[in-house]
Amino acid sequence: MSKTSVAIISLLSLLTVVFIAIIVLGVSVMRLNLFIRSVSELKTQNREIAITFDDGPCPERTPQILDILARYQAKATFFSIGNKLEENAEIAKRIIAEGHSIANHSYEHAPVFPVWSVKRIRESILKTDKALINLGIEPGNMFRPPYGVTNNLVAAAVRSLKKDCIGWSIRTKDTCRSPEQVIAMVKKNVKPGSIIILHDTNKYVCEELEAILKYCQANQLNSIALT
Ligand SMILES: [Zn+2]
């Protein structure tokens, strides 16, 4: 093989690796906006942040989360799963009654959600909207894809339903890190406009939330509900 052929093959291999890396990153990092523009920060002139909770409502922890939020007069957004909304109707109603918001996080949070057909992805989102409507809750336009994974199929479904894709600026990875790590990460990075992701399902969520709210209060950062 000539030197030119070897150089061309090397260059093509390198470009393939770069291309695959961009796709992998684009699928998993919503804020790169590779497939669809997503909201990862609040546009605000005030010292406001948005604390968000995914994967509930959770009968063990969501009521405690609501108690803590009330104590700090903080508001939050719950990216809820449709079938859990149906199972925990009273908690969902309490979330709204206390001034927080609930947004769509798919009906079943299936690991294979991003590789479903556009039609099936749409059905999952619409079924969650229906669950909210059945509870007397306005579904709104906010959607957070399960696992934060976007691709061309998810993007097409979200666009066709005129939903806004909502991401985050502080990914705490709270389901696999210690409370100390989660709290330290938030303290280091939080600033006006931050959107923080936590999970109702994380067994340490209450102690993390309490520490985060205490820090925010001391730093005049106010958590508001996304709408
Ligand atoms: Zn989730």
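Counting begins at 1 with the first residue of the sequence. Note that ligands are numbered from 1 as they come in the structure, with each ligand's atoms numbered from 1 the same way. Since we're looking at a predicted model, the values are computed, not measured.
A salt bridge is defined here as a Lys NZ or Arg NE, NH1 or NH2 lying under 4.0 Å from an Asp or Glu carboxylate O, and Glu108 with Lys127 fails to meet this definition. With salt bridges taken as basic N to acidic carboxylate O contacts below 4.0 Å, one links Lys119 and Glu123. Under 4.0 Å is where a charged nitrogen must lie from a carboxylate oxygen, and between Glu41 and Lys191 at least one such pair does.
The ring pair (Phe, Tyr, Trp, His ring centres under 6.0 Å) check on His199 picks up nothing, with sequence neighbours excluded.
The list of salt bridge (Lys or Arg N to Asp or Glu O under 4.0 Å) pairs with a residue in residues 146-165, not counting sequence neighbours, reads Asp129-Lys163. Legend: ring-ring contact (aromatic ring centres under 6.0 Å, His included) pairs involving residues 101-133, not counting sequence neighbours, sorted by first then second residue: His105-His109, His109-Tyr147, Phe113-Trp116.
Protein nitrogen, oxygen and sulfur atoms, that is N, O or S, within less than 2.8 Å of the Zn ion (ligand 1) amount to 3.
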